[in-house]
Amino acid sequence: MSDPVSGVLAGKVVLVAGVGPGLGRALAERAAAAGADLVLASRSAARLEELAGELRTIGRRVLAVPTDLTNPGGVAALVEATLAEHGRLDAVLHNAYHAPSREPLLETGLDTVRAELESPLMALELVRRCAPALAASRGAVVVMNSMIIRNRLPGFGAYRMTKSSLLALARSLSIELGPQGVRVNSVAPGYIWADAVRDSFAKAARERGTTPDAIHDEIAGGTDLRRLPRPDEIADAALFLASDLARAVTGQCLDVTAGATHH
């Protein structure tokens with residue numbers, strides 16, 4: 001069976017901002033499988049070079065640019081390096097974020113809230129810098145969000161504020177960039193079945209005197225598909241929105257939660 005994303009980004013240049021070990025890596029790997037050449041950005045030079053080397057072996061042209069995405073000067077240098085290397089930019093997949101504090105909002109210090117609210121500012125600065133190149137290619141932006149904007153889990157007040165702001169940012173950018181042919185959409189994943197979630201389930205199991213499998217089954221039982229989506233499945237949804245298959249889709253947020261949320 002052929003890969004469902006094969007060729008959907010052929011000839012495109014994709015910038016993945018926020019290349020971590022989970023979803024960020026999957027975004028890069030799946031974009032490469034879809035035929036795109038890549039620019040990879042995060043703070044970790046070693047991680048970027050390792051992944052870039054792997055993707056070059058399948059014939060992709062990959063530029064790794066260690067970048068502090070909270071630094072406007074670093075973001076400007078990232079976009080300059082992208083255009084110098086590839087001469088164009090067709091899609092931005094924004095995956096950078098601050099980890100949630102997981103505290104009741106009424107008990108969360110304002111400095112912590114301000115730090116978490118850096119996430120939509122990072123996205124704004126990156127898209128602002130990329131906008132001329134994206135307009136030239138009539139490209140796309142996909143912002144990775146979270147199902148926290150839909151559910152009522154306690155202890156995520158600051159994170160919910162942040163992700164709601166990120167959603168509003170994406171919708172506003174869609175309004176502003178749409179007349180230039182640039183589409184802006186969001187993806188809201190739920191629990192992603194990867195190392196971070198596995199570790200959190202193991203911790204919860206220890207605290208509750210049960211097993212990680214029992215925690216998994218409890219959480220997965222709240223989804224329509226009775227399972228949790230993998231990083232590559234989240235990434236494929238983002239690639240759909242970045243590709244010409246979604247050429248008339250903008251200003252939307254696609255939930256990828258295996259049915260944990262309906263929207």
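- Using a 4.5 Å cut-off on side-chain heavy atoms (C-beta onward), Met161 and Glu116 make no contact.
- In plain terms, the two heavy atoms of Ala238 and Leu27 that are nearest each other are CB-CD2, 3.8 Å.
- A donor-acceptor contact under 3.5 angstrom links the side chains of Asp255 and Thr261, judged on distance only.
- The environment of Tyr97 atom OH is sparse: at most 12 non-hydrogen atoms of other residues, nucleotides or ligands sit within 6.0 angstrom.
- Between the Arg60 side chain and the Ala36 main chain, a donor and an acceptor come within less than 3.5 Å of each other.
- A 4.5 Å side-chain heavy-atom check between Leu177 and Leu134 finds every atom pair outside the cut-off.
- Residue Arg160 holds its CZ atom at 5.5 Å from CG of Asn151, rounded to the nearest 0.5 Å.
- Counting heavy atoms of neighbouring residues, nucleotides and ligands inside a 6.0 Å radius, atom CZ of Arg247 does not exceed 12 of them.
- Residues Arg128 and Glu125 are paired through a salt bridge, judged by an N-O separation under 4.0 Å between the basic side chain and the carboxylate.
- Across Ser137 and Asp90, no two heavy atoms sit closer than the pair CB-OD1, 3.4 Å.
- The two residues Arg183 and Ala246 have their closest heavy-atom pair at NH1-O, 2.9 Å.
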Subject >> Worked verdict on Arg150 versus Cys253 for side chain to side chain contact (heavy atoms under 4.5 Å, CB included) >> reply: CA-CA 11 Å; Arg150 315 283 192 215; Cys253 183; 3.4 Å; yes
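- Between Arg43 and Thr70, the shortest heavy-atom contact is NH2-OG1, 3.9 Å.
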